[in-house]
Structure formats: structure tokens, C-alpha cells
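Here is the structure we will look at, set down as C-alpha cells.
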Amino acid sequence: MPRRLDPREVREDFPIFSDPKWRDLIYLDNAATTQKPRHVIEAIADYYSRRNANVHRGVYELSVEATELYERARRKVAEFIKARSWREIVFTRGTTESINLVAYSWALRNLKRGDKVVLTEMEHHSNIVPWQTVCGLTGASLSYIPVNEEGYLDLSELDKCLKGAKLFAFTYASNVLGTINPVGELVKAAREHGAVTVIDAAQYVPHAPVDVAGIGCDFLAFSGHKMCGPMGIGVLYGRSELLEEMEPFQGGGEMIREVRLDGSSWNEVPWKFEAGTPNVEGAVGLAAAIDYLSEFGMDQIRSHELRLTERALELMAGVPKIGLVGPENPKDRCGLISFTLADVHPHDLAEFLDAKFRIAVRAGHHCAMPLHTKLGLTATTRASFYVYNHEGEVEVLARALREALTYFMVS
Ligand code: 7TS
């Protein structure tokens with residue numbers, strides 16, 4: 001039986017919320033990073049207190065134990081996203097590094113002048129810039145699936161857009177619009193055109209069940225720190241066949257089988273892609289985070305966030321002069337809402353919410369400048385939810401926004 005998700009009880013699992021300074025904090029910046037439960041913090045402390053050694057090299061018991069912890073974490077991740085094998089899981093520093101790995105190890109070596117890379121207009125910079133760099137180096141061209149007025153991808157010309165594409169990279173869920181994209185349909189279309197697919201799942205894996213084998217994508221990236229895990233650890237899922245044929249991303253220790261003065265050969269997948277001493281603490285913390293989220297089950301987490309999003313959209317829609325961004329239907333969104341309020345600058349609004357109501361939200365372009373340009377905005381304010389947020393907090397947010405109108409003398 002999964003543990004019942006009562007957000008007020010969940011909050012007690014997170015030491016930061018019992019710190020006297022932050023007890024009344026309404027933390028609504030979960031799309032940037034989440035807070036960490038005791039379970040994760042203790043797993044990391046335990047690793048350094050009782051298990052710390054370098055991995056894959058020692059023959060002594062402590063190193064063998066550390067290696068087991070690291071590799072067990074990999075198996076847990078594989079199970080969590082339903083990969084066919086743990087060999088398809090590469091540990092990285094985060095989503096950004098995972099995407100760069102594909103850009104440099106796959107795209108740089110497989111693209112040539114005249115080839116086509118397709119992205120969407122709703123991408124985070126980390127799913128734009130690496131492709132711009134690789135296209136610049138190879139002479140491949142870059143095009144974008146447009147976003148429509150309602151905040152969805154305009155798929156009316158999907159087939160035309162994908163014609164001749166070698167690679168199609170897109171986000172599972174937008175960190176600004178909240179839109180959840182129909183990834184199954186996108187992968188299917190890409191496969192029909194023979195394009196390799198890369199999914200940026202930074203805003204989805206933490207919030208709902210994911211089945212990479214079912215989706216059929218070639219690559220999928222996410223970060224540990226957005227799902228209760230520590231910073232500096234992330235995952236690249238890669239389909240075995242592709243990982244096998246790819247060249248390494250970085251060179252150094254760990255990723256080699258043999259080094260001679262006249263050349264080297266590579267270790268097996270996935271270690272071929274993990275040069276140097278890995279982030280063992282990060283992997284251990286990520287495994288603890290998966291255990292923690294699995295207590296509730298990802299279906300329950302999704303339902304909880306959907307309820308909160310529905311309530312927030314309903315309350316926020318009633319605030320005068322608010323401009324809500326993204327799909328109207330909460331079911332098509334992950335648990336985040338970006339908005340504008342009259343002509344109040346998002347940074348001023350975020351400061352007001354923090355100073356007067358202890359509400360932490362993000363303000364700015366959220367590393368999605370092209371999307372903001374498309375929306376005709378320079379910045380938005382964003383509230384994003386997780387397991388410890390409850391309806392009472394959403395109600396305070398809506399009230400605070402009304403008060404902001406008075407404070408900033410919006411007539
Ligand atoms: N892709 C998406 C969709 C994201 O939202 C983010 C981080 C990244 C990639 C990069 O993840 P990283 O862990 O490698 O940094 N997004 C945000 C955000 O929305 N606010 O702060 C970070």
C-alpha cells in the first residue's frame with residue numbers, strides 16, 4: 001500500500017521547514033529545485049560517515065561496498081523509468097550535461113552539412129544551445145516546431161517539419177508554459193522519419209510515472225535535484241544500441257579498457273561515458289530520493305499536483321489583471337503556473353511576495369528566452385508545486401496577488 005500523500009505531513013519530512021528561520025516559508029520554486037527530505041540527507045551523511053571510498057577500483061571491502069551502492073543506484077534509476085537494462089543509465093551532472101553528452105558524442109559525429117535538427121520553441125536553453133553549437137560545427141541546420149496561442153506545440157505541420165530530420169529534441173513538459181507534450185506521438189513521428197529522439201524530461205520525471213521503453217525514445221535526460229535528490233547528479237537514458245556505437249564524451253580514468261602510448265580502447269557501456277571519479281554521493285542521494293517518492297507512488301504525486309494546479313488556476317484566474325500563461329486545461333499541464341500581473345515587473349512582484357507573504361517564486365525568463373520572445377514578454381513570475389505544497393499555500397498566493405495590486409497601486 002502506498003503511503004497517503006498528506007502534504008502537511010510530508011512537510012515534516014523536510015528539515016528545512018522546521019528550521020526556525022524557514023518554518024513559515026511557502027516554497028513555490030520547485031521547478032528550479034526541490035527541498036530535500038530527511039531520508040535523502042541522511043543517506044548522504046551515512047555514505048560519508050560509513051561507506052566512503054572511490055568506486056570501481058578498490059579490491060578492499062569498503063571500496064566494494066561503495067561500488068555496490070553506486071551501481072545499485074543505477075539499477076534503481078533504470079527500474080524507476082522502466083529502462084530495459086541498467087546499462088542504459090548514464091550518470092551525469094544533470095539534464096544540461098546529459099543533453100551535451102548526446103550533442104557531442106552522437107550529434108557532432110553523426111551530423112553533416114545539410115542535415116537537419118528539429119527542436120521546439122518551448123525549450124529550455126539547455127535544449128537549444130548545445131544544438132546550436134553542434135549545428136555551427138557541423139553545418140547542419142536548425143528548425144523549431146512553433147508554439148500556438150494556447151500554449152501547445154502546433155503539430156499541424158509535424159510531418160513537414162520532420163521531413164529529412166536527423167535529430168528531434170523536445171521537452172516532455174515546459175518549465176514556463178507547464179504544457180505536457182504528447183511524447184509518444186512525437187517519438188512515433190520522428191521514428192517514421194528516421195530521426196533520433198532526445199527528450200528533456202527535467203520537468204516531468206520528478207512528477208509522474210515515466211516509461212522510457214514504452215515511449216520508445218532514443219535518449220531522455222533529467223536532474224536529481226528537481227526530485228528531492230542532491231544537486232550535481234543527473235541521468236541520461238540512452239537506448240543500448242546507440243550508446244554502444246557512440247564515442248565517449250570525455251576522456252580520463254574509468255572510461256577506458258586499455259590505455260597504450262599509441263592509443264586507447266573504451267570501457268563497456270555505461271562506464272564509457274563516466275570519465276573520472278563519479279558523484280557517488282549524488283547517486284546514493286538520488287536513489288534515496290527515488291525510494292522516498294516511491295513511498296507515495298508517482299501516480300499519487302501526479303494527482304496531488306494536478307489538484308493543486310486546478311485549484312491554483314481557478315483562484316488565480318479570479319485575480320484582476322492577471323495574465324496566465326500556458327494551457328487552460330490543467331490536465332495538460334505539469335504543476336507549474338507562469339503569469340504576469342498588470343505591468344508589475346516580475347522581479348518586483350517576487351520580492352513583494354517574499355517580503356510580505358514569505359512566498360518563494362521564480363521571476364525572469366526561466367532560461368527560456370526564445371519562448372518569452374514568442375509570448376511577447378520579457379519575463380514572467382512562476383509558481384511551481386511539489387509534494388509538500390498544500391491548498392492553503394495556493395490560497396495565500398492568490399490573496400497575496402490581490403494585495404500586490406494595491407501595493408503597486410495598479411488602478
Ligand atoms: N530542461 C528543463 C525543461 C528545465 O526546466 C531545466 C532547469 C533544465 C533543462 C536544466 O536542468 P539542470 O538541472 O541541468 O540545470 N530549469 C530551471 C528552471 O526552470 N528554473 O531553474 C532551473
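Index from 1, following the sequence. As the structure lists them, so they are numbered: ligands from 1, and atoms in each ligand from 1. Nothing here was measured: the structure is a model prediction, and the numbers come from that model.
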Ligand 1 polar-atom proximity to protein (N/O, under 3.5 Å):
| residue | atom | partner | partner atom | Å |
| --- | --- | --- | --- | --- |
| ligand 1 | 1 (N) | Asp200 | OD1 | 3.1 |
| ligand 1 | 1 (N) | Asp200 | OD2 | 2.5 |
| ligand 1 | 5 (O) | Gln203 | NE2 | 2.7 |
| ligand 1 | 13 (O) | Ser223 | OG | 2.6 |
| ligand 1 | 13 (O) | His225 | NE2 | 2.7 |
| ligand 1 | 14 (O) | Thr95 | N | 3.4 |
| ligand 1 | 14 (O) | Thr96 | N | 2.9 |
| ligand 1 | 14 (O) | Thr96 | OG1 | 2.6 |
| ligand 1 | 16 (N) | His124 | NE2 | 3.4 |
| ligand 1 | 16 (N) | Lys226 | NZ | 3.0 |
| ligand 1 | 19 (O) | Asn175 | ND2 | 2.9 |
| ligand 1 | 19 (O) | Arg382 | NH1 | 2.7 |
| ligand 1 | 19 (O) | Arg382 | NH2 | 3.3 |
| ligand 1 | 20 (N) | Arg362 | NH1 | 2.4 |
| ligand 1 | 20 (N) | Arg382 | NH2 | 3.1 |
| ligand 1 | 21 (O) | Arg362 | NH1 | 2.6 |

Just one of Val77, Val40, Asn279, Asp291 clears the side chain to side chain contact (heavy atoms under 4.5 Å, CB included) bar with Leu286, so which one?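 Checked Val77, Val40, Asn279, Asp291 against Leu286; only one passes side chain to side chain contact (heavy atoms under 4.5 Å, CB included): Val77.
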
Does this structure show an ion pair linking Arg3 with Asp13, if we count only N-O contacts that are shorter than 4.0 Å? yes

Are Lys272 and Glu247 ion-paired here, with the side-chain N under 4.0 Å from a carboxylate O?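 No, Lys272 and Glu247 are not salt-bridged.
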
Side-chain donor-acceptor pairs under 3.5 Å in residues 135-143, sequence neighbours left out?
| residue | atom | partner | partner atom | Å |
| --- | --- | --- | --- | --- |
| Thr138 | OG1 | Val134 | O | 2.8 |
| Thr138 | OG1 | Ala140 | N | 3.2 |
| Ser141 | OG | Asp115 | O | 3.4 |

Apply side chain to side chain contact (heavy atoms under 4.5 Å, CB included) to the pair Tyr388 and Thr34, showing each step before the final yes or no. CA-CA 10 Å; Tyr388 32 71; Thr34 62; 3.6 Å; yes

Can you tell me if CZ on Arg302 sees more than 12 non-hydrogen neighbours from other groups inside 6.0 Å? yes

